[in-house]
Amino acid sequence: MKNLFLSLVALFIASTLASAQTGVFKAGAFAQDISPEDLPISINGNMKDGKATMVHDRIHARCIVLDDGITKLALVVCDSCMIPREVFDAAKKTVAEKIGIPATNILCSATHTHSAPTSTGVFQSEPEKDYPAFLSKKISLGIIEAHNRMVPAQIGWGVGSDPTQVFNRRWFIKPGMMNTNPFGETSDKVIMNPGYQNARVEKSAGPTDPEVSILSLKTKEGKHIALLANYSLHYVGGYPAISADYFGAFAEQIGILLDADRSFVGIMSNGTSGDVNNVNFAGMPPGRREPGEQIRVVASSVAKAAHKALGNIKYKNHVSLASEQKEIPLGVRLPSKADLERATDILTKANKTVLDTMPEIYARETVLLSKFPPQVPAIIQVMRIGELGICAIPCEVFTDIGLEIKRKSPLKPTFTISLANGYNGYLPTPEHHKLGGYETWRARSSYLETEASVKITSTLMGLLEKVKK
Ligand SMILES: [Zn+2]
C-alpha cells in the first residue's frame, strides 16, 4: 500500500514536471487597425514631406502572441516607414503591466511602407496630431487582444524562395563619372537607383536574398491562425495615400491562398533590405502601370512562394520559446566643425522653410545631427521558437548582413527583422561605407559608426548562442 502511494506520488511529480516542461502550446493573433483618425497627415519616406488626404487601404499593427506553458513571446509588425524606440517602449511597458509579458519578450517592428503617418522626424517630415502616442496605445491594445485570443495551437516554419522581386539598388559607377554628392564630394563609388540601363554604371554593388521565411500557426483542428513571413525587399510604393504597400497586400493574398477566415492574420515583416528594391535597372522600363498594380504583382508572387513553402512544413504540437536582448552603445558619425560651418552657410544662403536641393536638405540634417550625443544605445534582440531563430535590428539593414547572420547562426533556419524595437537609420557594412552612396550619407537616416554592423552581428551571435537549447 505504502509502495503504491509512493509510486503514485512519484508519478504525479513526474507528470507535473513533464507538463511544466511541455505545457500546452498556445498561440493567438490580431491585426489592430492603426490608420490615422485625423486627415490630412504627414507621410514620410521622401526628402520632402508628403500629406495623405485619404486612406487607400487600412494600416495595421499585426500581432502574434505565443505561449509554451512557461514563456510567452509577442511579435508585432506595424505598417509604418520607421518607428522610434520611445513608441515601442511605451507599448511594451503597458503590455508588461497589463498582461505580464516582459518587455524583453516583445519584438516590435515597422514594415517600411512609405505611405504611413510619420512617427519620427526624418528629412523634412515630422510627426503630427499625436500620432506616435496613438500608435503606441494601439500596439499595446493589439498585443493584448492577440493574447486574449490564444488557443491551443500547432506551429511550423519553413523557407521558400522568390528571386523575381528583389534587385540590389546600389550600382558601381564607371571611374570618373560620379556626380557630386550632397556634401560636395566626388569620392562615392556607387549610386543608388541609377535609372534603367544607365551607361555610366557597371554592375550592382551587392547581393539580394531571395528567401521567403515563414512561421505558421494553426489551431489543433487545423484552422489557420496566422502566418508571419519575412522577405528582404525595401518596399514597392505607388500610393500617395495611407497604404500598407505590398506588406498589407501580401497579408491579404496569403489569406486567400490559405482559404482562411476573417480572424486569420497574415504578416509580412521586412528582412534585410537596406540596399534592395523592386526595380530591375539592368532591364527595360516596364510599361505603364496602374496605381497599386506593382504592389499587387509583388504581393501575389511572394504569397505564392510562401504558400509553396507551407506545403513542406511539419507542424509540431509544442515547441519551447526563448528571448534575449542586449542594449549596446553605438558611436554616432558626428559632423566636424568644418562640416557644420559648410552646412550653416548653405542654409543661410537658402533661407527658406521647405528645402529643395540635396545639398540644402543634407545641410539641415548636418545641423540636426550636430546635436546628437557621441553614442546612442540600441536594442539588439533574438528570439528562439523551437529551432527557428529570429534576430531583430533597429536599422535598415543591408542584405549582406542578413545573409551573414543566416550563414553564421547556430539556429537553422534564422531570419532577421529590420526596423525593429526602434530606429537608428541605415546599417551598411564597413565595406559599403567605403563605397559611399545615399545609404551612407550622414543624416538622421544614416548616422551610426561605420563599424556598427560588425558590433551588431557579433552581439546577435552571442545572444543566439545563449537562447540555443
Ligand atoms: Zn528606406
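Order of listing sets the numbers, starting from 1, for every ligand and every atom in it. Because only heavy atoms are used, hydrogens play no part in the values below, and waters and symmetry mates are left out as well, while side chains stay in.
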- Run through Val265, Leu215, Leu310 and flag the one making a side-chain contact (heavy atoms from CB on, under 4.5 Å) with Leu227. Leu310
- Query: For the side chain of Arg384 and the backbone of Gly389, is there at least one donor-acceptor N/O pair under 3.5 Å apart?
  - Reply: no
- Task: Evaluate the ring planes of Tyr231 and Tyr246, with Trp represented by its six-membered ring, and classify them as parallel (under 30°), tilted (30 to 60°) or perpendicular (over 60°).
- Result: perpendicular
- Query: Do you see an N/O/S atom of Cys81, backbone or side chain, under 2.8 Å from the Zn ion (ligand 1)?
  - Reply: no
- Message: How close do Thr459 and Lys455 get, counting heavy atoms only, and between which atoms?
- Response: OG1-O, 2.7 Å
- Query: What's the OE1-the Zn ion (ligand 1)-NE2 angle here (Glu396, His234), rounded to 10 degrees?
  - Reply: 90°
- Message: Distance check below 2.8 Å: does His114 bring an N, O or S atom to the Zn ion (ligand 1)?
- Response: no
